[in-house]
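Below, chains carry the letters A, B, ... as their sequence lines are ordered, and counting in each starts from 1.
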Amino acid sequence: MRYDHTKIESSWQKLWEKHKSYKVEKDENKEKFYCLEMFPYPSGKIHMGHVRNYAIGDVLARYKKMKGFNVIHPMGWDAFGLPAENAAIKNKIHPAKWTYSNINFMKEQLKKLGLSYDWDREIATCDPEYYKWEQLVFIKMMEKGLVYNKTSNVNWCDDCNTVLANEQVEEGKCWRCGNEVEIKELDGWFFKISEYAEELLDYTYKLKGWPEKVLTMQRNWIGKSHGAKIRFPVKGFDTPIEVFTTRPDTVYGATFMLIAPEHPLAKKLIAGTEKENEGLNFIKDVLKEDKISRMAEDKEKKGFFTGRYAMNPITKEQIPVYIGNYVLMDYGTGAIMAVPAHDQRDFDFAKAYNLPIRVVIQPEGENLSGDTMGEAYAGEGILVNSGEFNGLDVETAKEKITEYLREKEVGEKTVNYRIKDWGISRQRYWGAPIPVVYCKKCGVVPVKKEDLPVKLPLDVEFTGIGNPLESSEEFINTTCPQCSAPAKRETDTMDTFVESSWYFIRFCSPKCNNAPFVKEEGNYWMPVDQYIGGVEHAIMHLLYARFFTKILRDLGFIDIDEPFQNLLTQGMVCKETHKCPIHGWLFPEEVENGKCIICDSEVEVGRVEKMSKSKKNVVDPDLLIKKYGADTARLFSLFAAPPDRDLEWSDQGVEGCYRFINRIFRLITKNSEICKTNLNEKSEESDTTKELEFNLHSTIKKVTEDIETFHLNTAVAACMEFTNKLYQLENNVNTETEKTLFAESVKTLLVLLTPFIPHVCEELWKITGNETFISDQKWPEYDEKKIVRDTTTIVVQINGKVRANLDLPTDTGKEEALAAAKSNEKVQKYINGKNLAKEIFVPNKLISLVIK
RNA sequence: GCGAGUGUGGCGGAACUGGUAGACGCGCUAGACUUAGGAUCUAGUGCCUUCGGCGUGGGGGUUCGAGUCCCUCCACUCGCACCA
């Protein structure tokens, strides 16, 4: 007999919904717990990654609720983004319609999983009632100088008439039309995240609940480095070239300079010289390559001599200035002093262009020379060839030389960050409009707060060419908020990472209509106590969200510094791939007995990798739920691997979980009478009662501790073990006391399993005679005293090898235990006639005897 | 190249502060019940073996005792990468 999961699951889902079981309100008398999983992009349907993510979150949310916390567990939709626009181009369907229909479908799918969301808090970021507040924050940021507009170099496809992200450039060509991508200067809006670099970095040392890996990635991304800025005057030129270096100590070894091709001075340096055309071509050639191939490993170092010389401000030497392909405009000042003896890249360049290599750092006990060295030396040493600084060690020299440069006013100490300001402009339709207006007279003017939201227009055509917003007369044409003259709207929309940077706070008061959120609600619920999602968001999303939270704090909206107290990055869901020599990648259901069902060819089983549509190694949650039910789908995702590790899909493993649920189902239905009868006899002890109590309390302890530490797989294992035990003991249950304890055990087991497999637990709870929701039950407590057994097995080791087991009363003392060990037959065999050199006793664990 | 992580049976994975390695599940073997079973139940299942020995990627070390601590090497995975 198998249980009817379809019927049971849908009926309990309806009951939970009817009773608003998971609705939650602020309650100052209760301790809050904010459990959040990363909200999905409504791409069409959910995948196993979602199931795993949300199952993990649901265990925690349900557990904390049963523990008595006031648990907020919301869900919503990251609803803006390019796929909706692509669908619009392809299927002539409006992005909004496409998005909302996906949301409806996916919401039904999530509901079928029985997740304990408070759906009353649902939000979709494409709702004007949501992005309106983002526009407000944008304007407030503008007022505080945290937003600016600047021209920068972007990847541009002339055919599509749009900007491309780096990842949309494939081998220098547009991913959609194959047209050559060019670098173009374009206006765009930026958030000053760099102003928060220091604080963002600082707090990575305070976020104790985050994986070290993620924090490291963020620190590297912020990329703080100490060094100096040094200005090199150029002969016959007004503006000096400013460089950033972390090695001011090597300034005497700077034998040439390089500037980035994009550097504003690059073109100016060659202007009017006979080499101008040649130089412009060089710049063009370098910039034509997309960034990815330009930064490829082993990229050959190329340069163009500008014909100009700069003066090394410390040696007064004239050194040649090159434009170099390996100098990045994005980092530092976009120009460097090249010290070939002590930097490998500069060394390679010097070799290629036959430039002098001068050693200025001499490692102890060696005698490097520029003529003979085969590679740059970047280590510690003593300064040489450095005038008055000779003899200093590297660290001291850095300080002294920087100080000297400052005195001469040609440089100063500086801190450089790798992180750049956040460019939020997207030339797209399906995003939050940037709320500014361009007026001929007043310039760039923010939209008046009372005129928000700036809504997306509907009279738009999706042709795939250009930004659809530009085609909307209704949208573009407006009046200036300041002088009322006719003006044009900004047609850029915001990066969708902006929406996901504060949705978690909006969840605190999702219907608030006079502010982004109610401050008291935000302060009550925030920060998120546990955030759960994929590690792929380790940098962008999590850094932007941290930044935006600080912005909201500094604008006075909320009083917290960091949004996410604890972070769990769950592993990927993986599965082996199948490939048919004729039909390519196959879905699992297209393979039968190792053969392709279309052509009967032998199918090649590939390696286990992340489930992806392109490789077809996917399992459709819908089919899984249909066949086994949501409880099984959840249980397998939780049991097959610890949450933070990758999970390998196994159809047989799923079967095993289904089998376990059936086992529970049978155990309880078989014993429902015992459970229903109201017994209250607990006085007479027997082996069975002791066994029941011991296992019951150990299991409560184990499951509780495991959930707290996210060892969800072992928590499930503990429940399985207890189930096995109950099957074993079921026939020994005779006395009233035994029955009472058996019933208690069974019911407690159900409570412990509720966070994992809530539907079947509700059903069985009812079958055992309860009329309440098991989801509302209190989490059981364990009694430490019941976990102590009368006797304990003590292991006897002789010279490190286990030779005997002794069953002794728990807490037997050293003398008695040793006596027992020595009188043991097996032990005697080893120790007779030998010298006992050492005796080690670990209470309730082991005895270790060393003999000679 | 830099940084982080992982490595345990046929497989997924357990093992608290060093203290019986392999919990739990899958698979496999045998048996029971069955017309039959891919349902269910029971027993067994690291390897080699006669006592006994060997086993947590390899090698070395500390210790009465090491999957766990230290050194070293190897493999794989992920992130970053011409960052001045």
Original post:
Should the heavy atoms of other residues, nucleotides or ligands under 6.0 Å from NZ of Lys413(A) be counted, would the total exceed 12?
Top reply: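 For Lys413(A), atom NZ is not crowded (no more than 12 foreign heavy atoms under 6.0 Å).
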By the 4.0 Å heavy-atom rule, please label [X] as base, sugar-phosphate, or nothing.
{"X": "Arg219(A)", "result": "nothing"}
{"X": "Thr793(A)", "result": "base"}
{"X": "Lys301(A)", "result": "base"}
{"X": "Gly656(A)", "result": "sugar-phosphate"}
{"X": "Asn220(A)", "result": "nothing"}
{"X": "Thr246(A)", "result": "sugar-phosphate"}
{"X": "Val850(A)", "result": "sugar-phosphate"}

Please state the [atom1] separation for the pair [N] and [M] - nearest whole angstrom.
{"N": "G22(B)", "M": "A14(B)", "atom1": "C1'", "answer": "7 Å"}
{"N": "A21(B)", "M": "A30(B)", "atom1": "P", "answer": "31 Å"}
{"N": "G13(B)", "M": "C26(B)", "atom1": "C1'", "answer": "10 Å"}
{"N": "G58(B)", "M": "A75(B)", "atom1": "C1'", "answer": "10 Å"}
{"N": "C69(B)", "M": "U56(B)", "atom1": "C1'", "answer": "16 Å"}
{"N": "U8(B)", "M": "G57(B)", "atom1": "C1'", "answer": "10 Å"}
{"N": "A15(B)", "M": "C82(B)", "atom1": "P", "answer": "40 Å"}
{"N": "C70(B)", "M": "U17(B)", "atom1": "P", "answer": "14 Å"}

Under-4.0 Å side-chain N/O to phosphate OP1/OP2 contact, [X] with [N]:
{"X": "Arg663(A)", "N": "C41(B)", "result": "yes"}
{"X": "Asn662(A)", "N": "A39(B)", "result": "no"}
{"X": "Arg345(A)", "N": "C83(B)", "result": "yes"}
{"X": "Arg666(A)", "N": "C41(B)", "result": "yes"}

Original post:
Atom CG of Asn724(A) and atom P of A43(B): how far apart are they, to the nearest Å?
Top reply: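 Distance check: Asn724(A) CG to A43(B) P gives 10 Å.
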Original post:
Arg247(A) has an atom CZ; how far is it from atom C1' of A84(B), in whole Å?
Top reply: 11 Å
Among [options], which is the nearest nucleotide to the side chain of [X]?
{"X": "Lys801(A)", "options": "A84(B), C24(B), G53(B)", "value": "G53(B)"}
{"X": "Lys838(A)", "options": "C64(B), C24(B), C80(B)", "value": "C64(B)"}
{"X": "Ala717(A)", "options": "A23(B), A84(B), U20(B)", "value": "A23(B)"}
{"X": "Phe244(A)", "options": "A84(B), A39(B), A81(B)", "value": "A84(B)"}

Original post:
Can you say whether the rings of Phe349(A) and Tyr353(A) are parallel (under 30°), tilted (30 to 60°) or perpendicular (over 60°)?
Top reply: parallel
Subject >> Parallel, tilted or perpendicular, as decided by the 30° and 60° cut-offs, for the rings of Tyr658(A) and Tyr628(A) >> reply: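 Geometry flag for Tyr658(A) against Tyr628(A): perpendicular rings.
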Between N or O atoms, less than 3.5 Å apart, protein on one side and nucleotides 8-12 of chain B on the other: list the pairs.
from: G12(B); atom 1: O2'; to: Ala640(A); atom 2: O; distance (Å): 2.8

Distances for protein N/O vs nucleotides 16-19 of chain B N/O pairs under 3.5 angstrom?
from: G19(B); atom 1: N2; to: Gln797(A); atom 2: OE1; distance (Å): 3.2

Subject >> Stem segments of RNA chain B by first residue number [Watson-Crick or G-U, under 3.5 Å, at least 3] >> reply: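 B:1-7 with B:74-80, B:10-12 with B:24-26, B:27-32 with B:40-45, B:46-48 with B:52-54, B:57-61 with B:69-73 - these are the stems of 3 or more pairs that involve RNA chain B.
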